[in-house]
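Below is one structure, written out as structure tokens; comments come after it.
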Amino acid sequence: MPNTHPLKDQIALLIGEALETVAPGAPVSLDIERPKNPAHGDFSSNAAMQLARPLKKNPRELAQRILTELPASPLIARTEIAGAGFINFHLTPAAWHGVVPQIRAAGGAYGRGNAGAGHKVLVEFVSANPTGPLHVGHGRQAALGDAICNLYAAQGWEVCREFYYNDAGVQIATLAASVQARAKGLQPGDADWPEAAYNGDYIADIAADFLAGKSVRSDDRAFTASGDADDLDSIRQFAVAYLRHEQDLDLQAFAVRFDHYYLESSLYTSGRVEATVQKLVDAGKTYAQDGALWLRTTDYGDDKDRVMKKSDGTYTYFVPDVAYHIAKWERGYERAINIQGSDHHGTIARVRAGLQAAGVGIAEGYPDYLLHTMVRVMRGGEEVKISKRAGSYVTLRDLVEWTSKDAVRFFLLSRKPDTEYIFDVDLALAKNNDNPVYYVQYAHARICRVFEEWGGLPATLDGADLAALTAAHELALLRRLTEYPETVAAAARELAPHLLVHYLQTLAGDFHAWYNAEKFLVDHEATKRARLALADAARIAIVNGLALLGVSAPEKM
RNA sequence: CUGCCCGUAGCUCAACUGGAUAGAGCACCAGCCUUCUAAGCUGGGGGUUACAGGUUCGAUUCCUGUCGGGCAGGCCA
């Protein structure tokens, strides 16, 4: 099943048939639109306007000819030509009623499609080095990454959630030195405290556990401390495992799981970094200058050429990055999506240039990047800047504990990734309609409550006569429900979960307005059953949509 | 100085990737508040889509320039 509008497609088919007579072979994109103005009907087509130029005919005249050739359909109540040559379609109530059984039959599959069947996508996100707790920016990435994975899976893609990190670089050396200093009884501010060090309280916790000889286990590694404060290698390994475990707890609180962890260091030990450099050299895209090896990234649109191999013999950070993405490609991921903070946008041109220069057949524009801006946290009207845990920033776990997983996810997904977001803790805790998560979840809980009050089995509503659904609120809700599948498809295609968030808010708004206007459990049996069937369809769309966002749908609130 | 992103109601944000009269929510104003779940409900005012050009039947959307904001510009990641 294509993941598209249940009724639009049928209208498009009718127009397509008419066009075979009116303008055979003419190139027309049959995108059917939903007019904003209800007076313009349920759907409209601009096919006549598109054809006006190539056929050199008056668009309104063409529209008339299309209408003459349009096959009869029980869906259509009437048609009209309007404006410059729009063809407007007014559908019968029965056409709209037909979507209710469709949605109820599809159930959890409503909004899913198979456009991505047989394709593999790798989504890399969070990818925090194990040097401290995850901050709210990581939270935005985790929410975005997980939602995008859900959206792709809903389109039939085989999805891999990957976390990439480095356990051997300069930052990790700093971490080990910081823990060692704490293990030797030093504190930030002491004369011997290392200049470049992590000062958060959590460093002291790691040192204490290290000295106690404890064991730690994370999703991807395990280690037992030697307890010897002079054993820097043991400290390093223990600290990495400890912080990876801490991050696992942060992610668990946020209900995010990864399928795979990938180590930057493995790119060196496997020889992939060397092999990548060799490919670039062989391709003639490098040159030596000032004792360093440079890559001609300017051949691929970068501002200036970049150093690959420093004069001290080590590689700059983007070389393993290129090697990593060649590995992604070779692992069969035809699509790779990287979710990163917008402060990393400089790496995009470099990595893509390296991949093209390597000449291994990777598509131009690989990988995709989704960049997001910073998140600030407001509480009690003031910006929160300090967390006890991290020392200098608010952590993801703080935010989840202050509010809830559902609120944090929903809020962080509610805006376009490239706009700065201010998280309002008080709003997230509010139990009223000002709080968007509450508003959407409450719509679901209300439906569940109505069914509980009714006491019947939803399955007995199958085949219900829906002719009683004539109120404006009911038709508006029906219309909204049909938009769900294409909203999901658009959110996936455009890496834009906020489209789904906005949709759910609007859908909940339509439902609440209806609920406030009409009583469902009325004495008239046919009306009651029709309303319950529609409410059940709304429930399905809300549950499915929230699930894609990683937000729960409580039955009681 | 250069590159990327952004600029829409007083505020926070949408706008089906080029469609018809640019939409919601806060806030503001006016009524209502006996209900399957209650922390409210219904309606209303509010706009030169930063600015100036261009492309065409048609532009918030695409192109050019200007102004303003964010982020980058290291043999750091």
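In this text the structure is predicted, and so the values were computed from the model without any measurement. Only this structure's heavy atoms are used, side chains among them; waters, hydrogens and symmetry mates stay out. So that the names make sense, note that chain A is the first sequence line, chain B the second, and so on, each numbered from 1.
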ask   = Where the side chain of A:His344 is concerned, which of B:rC36, B:rA77, B:rC75 is the nearest nucleotide?
value = B:rA77
query = To the nearest Å, how far apart are A:Arg140 CZ and B:rC71 P?
reply = 14 Å
message = Nearest heavy atom decides the nucleotide; on that basis, is A:Thr419 or A:Arg306 closer to the 5' end of RNA chain B?
response = A:Thr419
query = Distance between the P atoms of B:rU64 and B:rC28, in whole angstroms?
reply = 43 Å
ask   = Looking only at atom C1', what distance separates B:rG53 and B:rA15, rounded to whole Å?
value = 25 Å
Same-atom distance (P) from B:rA14 to B:rC62, integer angstrom = 15 Å
Salt bridge flag under 4.0 Å for residues A:Lys328 and A:Glu162 = no
query = In whole angstroms, how far is the C1' atom of B:rC6 from the CZ atom of A:Arg415?
reply = 15 Å
remark   = A:Arg350 CZ to B:rG73 C1', in whole Å, measures 8 Å
request  = Sticking with atom P, work out how far B:rA20 lies from B:rU60, rounded to a whole angstrom.
outcome  = 9 Å
message = What is the distance, to the nearest angstrom, from the CZ atom on A:Phe511 to the P atom on B:rC41?
response = 13 Å
request  = Verify the distance criterion only: is there a donor paired with an acceptor across the side chains of A:Ser404 and A:Asp406 at less than 3.5 Å?
outcome  = no
message = Among residues at least two apart in sequence or on other chains, which ones pass ring-ring contact (aromatic ring centres under 6.0 Å, His included) with A:Tyr198?
response = none
query = NA contact type, A:Tyr515, heavy-atom cut-off 4.0 Å: base, sugar-phosphate, or nothing?
reply = base
inquiry  = Tell me whether the side-chain N or O atoms of A:Tyr438 pair up with the base of B:rA39 as donor and acceptor below 3.5 Å, since no angle test is needed here.
reply    = yes
query = Mind checking the C1' distance from B:rA9 to B:rA72? Whole angstroms is fine.
reply = 33 Å
task = Answer yes if the ring centres of A:His372 and A:Tyr421 are under 6.0 angstrom apart, and no otherwise.
result = no
query = Base, sugar-phosphate alone, or nothing: which one does A:Tyr442 contact when heavy atoms must sit under 4.0 Å apart?
reply = base
query = Taking the C1' atom of each, how far is B:rA59 from B:rC51, in whole Å?
reply = 16 Å
task = Let me know the distance between CG of A:Asp303 and P of B:rC4, rounded to the nearest Å.
result = 8 Å
message = Going by the rule side-chain contact (heavy atoms from CB on, under 4.5 Å), which residues pair with A:Ala177 if we only count those two or more places apart in sequence or in a different chain?
response = none
ask   = Ignoring hydrogens and angles, does a donor from either the side chain of A:Ser311 or the base of B:rC75 sit under 3.5 Å from an acceptor on the other?
value = yes
query = Closest nucleotide of RNA chain B for A:Trp294 versus for A:Trp514: which of these residues is on the 5' side?
reply = A:Trp514
task = Among B:rU42, B:rG3, B:rA77, find the nucleotide with the atom closest to the side chain of A:Asn516.
result = B:rU42
request  = Rounded to whole angstrom, note down the P distance from B:rA22 over to B:rA38.
outcome  = 37 Å
key: From CA spacing to verdict: salt bridge (charged side-chain N to carboxylate O under 4.0 Å, His left out), A:Arg449, A:Glu453   = CA-CA 6 Å; A:Arg449 176 69 188 112; A:Glu453 183 69 21; 2.9 Å; yes
message = So if I define the base as every atom that isn't primed, P, OP1 or OP2, how would nucleotides 15-27 of chain B read as a B/S/- string at a heavy-atom cutoff under 4.0 Å?
response = SBB-BBB----S-
query = Has the side chain of A:Arg352 got a donor or acceptor atom that lies under 3.5 Å from a matching backbone atom of A:Pro367?
reply = yes
key: Nearest-Å distance for atom pair CH2/P, residues A:Trp454 and B:rU35   = 24 Å
message = Categorize A:Glu420 for me: base, sugar-phosphate, or nothing, with a 4.0 angstrom heavy-atom threshold over every strand shown.
response = sugar-phosphate
Candidates B:rA39, B:rC71, B:rC5 - which lies nearest the side chain of A:Asp418 = B:rC5
key: Partners meeting side-chain contact (heavy atoms from CB on, under 4.5 Å) with A:Pro35 (sequence neighbours left out)   = A:His40, A:Ser44
query = For A:Ala292, which contact category applies under a 4.0 Å heavy-atom criterion: base, sugar-phosphate, or nothing?
reply = base
task = Report which part of the nucleic acid A:Gln340 touches: base, sugar-phosphate, or nothing (heavy-atom distance under 4.0 Å, all strands).
result = nothing
ask   = Can you tell me how far C1' of B:rG74 sits from CG of A:Asp305, to the nearest Å?
value = 15 Å
request  = Give A:Met374 one of three labels, base, sugar-phosphate or nothing, depending on what nucleic acid heavy atoms sit under 4.0 Å from its own.
outcome  = nothing
ask   = Below 6.0 angstrom between ring centroids: does that apply to A:His344 and A:Tyr369?
value = no
ask   = Looking across every strand, which nucleic acid part, if any, lies under 4.0 Å from A:Arg446 by heavy atom: base, sugar-phosphate, or nothing?
value = sugar-phosphate
request  = Give the minimum heavy-atom separation between A:Ala530 and A:Leu466, together with the two atoms involved.
outcome  = CA-CD2, 3.8 Å
message = Is A:Arg449 close enough to B:rC36 that one of its side-chain N or O atoms is under 4.0 Å from OP1 or OP2 there?
response = no
query = How should the glycosidic conformation of B:rU17 be described, syn or anti, under the criterion that syn lies within 90° of 0?
reply = syn
ask   = Taking atom CH2 of A:Trp514 and atom CG of A:Leu534, what is their separation to the nearest 0.5 Å?
value = 4.0 Å
inquiry  = Say we look at B:rU56 and B:rU61: how far apart would their P atoms be, to the nearest angstrom?
reply    = 16 Å
query = For RNA chain B, what string of dots and brackets results from 5' to 3' when Watson-Crick and G-U pairs need both distances under 3.5 Å, crossing pairs get [ ], and pairs with another strand get |?
reply = (((((((..((((.....[...)))).(((((.......))))).....(((((..]....))))))))))))....
ask   = Considering residues at least two apart in sequence or located in another chain, which fulfil the salt bridge (Lys or Arg N to Asp or Glu O under 4.0 Å) criterion with A:Arg376?
value = A:Glu383, A:Glu420
key: Rounded interatomic separation in angstrom, taking CG from A:Asp343 and P from B:rC4   = 18 Å
